[in-house]
Amino acid sequence: MTQLKIEIVSDVMCPWCVVGYKNLEKALSELSPNLSADISWQAFELNPDMPIEGQNLSEHLMQKYGQAKEQSEENRAHLTKLGKDAGFDFNFDENSIMINSFDCHRLLTWAKGFNKQTELKLSLFKAHFSDKVYLNDEAELLRIVESVGLPLNEAKQIIANNDFSENVRSEQQRYRELGVSSVPTFIINDKYAISGGQAAATFKQALEQISAEAENA
């Protein structure tokens, strides 16, 4: 069996990161048991200067990308369909917000030490995009942390003391220096990069090729 190292550079606020991961997951399931992956999540902030209270999503997209309301609604409808095809429910509405995700990244960095990083990441995706939970609410964020079996008191201390801030900043700088400027970016075996929310078939083809090259190296 071939095992690949896959680093996923992403932000909890990025819907394409959900689509990409779910399609990667499908591709890996189709290639099992001949191929498996050691997956880790690397921090990227779409909006590092976003205030803690966040901003209405429609307003944010209009300001940042110049999207008209109609275009924004079309994009969300398209994403909703892609999500459904990939097995994920997007629940966009007029109350959807964009927040500063730095605390999420700090907790995700910490969760890696418990082998809970992917579980926490997926729970944060679901909370934000499906369940309409505002992740800038500390009580809600801690509730999600506890729901995946991570120690609540330790998480409280991390948030209060800004623990793992330097780890996240260093991680972000590393990937900027590697040329990562958009998410999701999937870095495989420190050598190959796949960008965007690709289809499962695209991931499957790429993973088969990379696996064959690894076996022949």
Side-chain angles (χ1 to χ4, degrees), residues 1-46 82-83 85-89 101-130 135 144-145 147-150 155 164 167-168 170-176 178-215 217:
M1 180 179 70
T2 302
Q3 182 163 16
L4 302 178
K5 173 186 175 185
I6 303 180
E7 298 168 288
I8 309 175
V9 188
S10 81
D11 191 355
V12 176
M13 296 293 103
C14 167
W16 290 104
C17 294
V18 184
V19 173
Y21 175 76
K22 295 299 288 184
N23 285 333
L24 170 67
E25 189 178 51
K26 182 179 179 182
L28 287 169
S29 70
E30 291 177 2
L31 293 169
S32 177
N34 298 318
L35 185 149
S36 65
D38 178 19
I39 292 174
S40 62
W41 297 84
Q42 316 301 327
F44 187 100
E45 289 179 272
L46 288 170
L82 290 176
D85 291 344
F88 186 88
D89 291 325
S101 57
F102 192 67
D103 282 345
C104 295
H105 288 303
R106 292 195 295 121
L107 290 168
L108 285 161
T109 300
W110 163 68
K112 188 175 181 180
F114 296 86
N115 283 328
K116 291 277 189 178
Q117 196 182 34
T118 293
E119 190 175 354
L120 179 58
K121 185 81 172 192
L122 295 180
S123 292
L124 292 170
F125 277 146
K126 181 177 182 295
H128 178 65
F129 288 112
S130 302
L135 298 180
I144 295 164
V145 166
S147 76
V148 301
L150 287 162
F164 293 95
N167 305 67
V168 172
S170 176
E171 192 174 282
Q172 290 174 323
Q173 180 62 29
R174 174 176 175 243
Y175 287 97
R176 279 195 297 267
L178 288 173
V180 176
S181 59
S182 64
V183 289
T185 297
F186 301 82
I187 301 174
I188 305 171
N189 287 358
D190 299 312
K191 185 177 180 181
Y192 309 92
I194 301 172
S195 297
Q198 301 295 336
T202 302
F203 278 116
K204 185 177 179 181
Q205 182 180 14
L207 294 176
E208 285 177 323
Q209 183 177 345
I210 293 168
S211 176
E213 290 178 10
E215 289 174 359

Extract all donor-acceptor atom pairs below 3.5 Å that involve side chains of residues 106-114 and protein atoms in other chains or at least two apart in sequence.
unit_1 : atom_1 : unit_2 : atom_2 : d
R106   : NE     : D103   : OD1    : 3.3
R106   : NH1    : I158   : O      : 2.7
R106   : NH1    : D163   : O      : 2.8
R106   : NH2    : D103   : OD1    : 2.7
R106   : NH2    : I159   : O      : 3.4
T109   : OG1    : H105   : O      : 2.9
W110   : NE1    : E154   : OE2    : 2.8

Taking side chain as C-beta onward, heavy atoms only, is [X] less than 4.5 Å from [Y]?
X    : Y    : result
Y192 : Q209 : no
F129 : F88  : yes
L46  : C14  : yes
T185 : F44  : no

So Y21 and W41, would you call those rings parallel, tilted or perpendicular, with 30° and 60° as cut-offs?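 Rings of Y21 and W41: tilted, 30 to 60°.
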Less than 6.0 Å separating the ring centroids of F186 and F203?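 For F186 and F203, the ring centres are under 6.0 Å apart.
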Does E30 CD have over 12 foreign heavy atoms under 6.0 Å away?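 Enclosed: over 12 neighbouring heavy atoms sit under 6.0 Å from CD of E30.
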Atom pair [atom1] ([X]) and [atom2] ([Y]), whose distance is rounded to the nearest 0.5 Å:
X    : Y    : atom1 : atom2 : answer
L122 : I144 : CG    : CD1   : 12.0 Å
I188 : I194 : CD1   : CD1   : 3.5 Å
S211 : N34  : OG    : CG    : 8.0 Å
C104 : H128 : SG    : NE2   : 9.0 Å
L24  : L207 : CG    : CG    : 6.0 Å
N23  : Q198 : CG    : CD    : 9.0 Å

Just jot down the salt bridge (charged side-chain N to carboxylate O under 4.0 Å, His left out) partners of [X], sequence neighbours excluded, or say none.
X    : value
E171 : none
K26  : none
R176 : none
E208 : none

Restricting to non-hydrogen atoms, name the atom on [X] and the atom on [Y] that form the minimum distance, rounded to 0.1 Å.
X   : Y    : value
M13 : S101 : CG-CB, 4.2 Å
C17 : F125 : CB-CZ, 3.9 Å
M1  : S36  : CE-OG, 3.6 Å

Tell me the salt bridge (Lys or Arg N to Asp or Glu O under 4.0 Å) pairs involving residues 180-198, sequence neighbours left out?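 For residues 180-198: K5-D190.
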Give a yes-or-no answer on whether the side chains of T2 and E215 include a donor-acceptor pair shorter than 3.5 Å.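 There is such a pair between these side chains.
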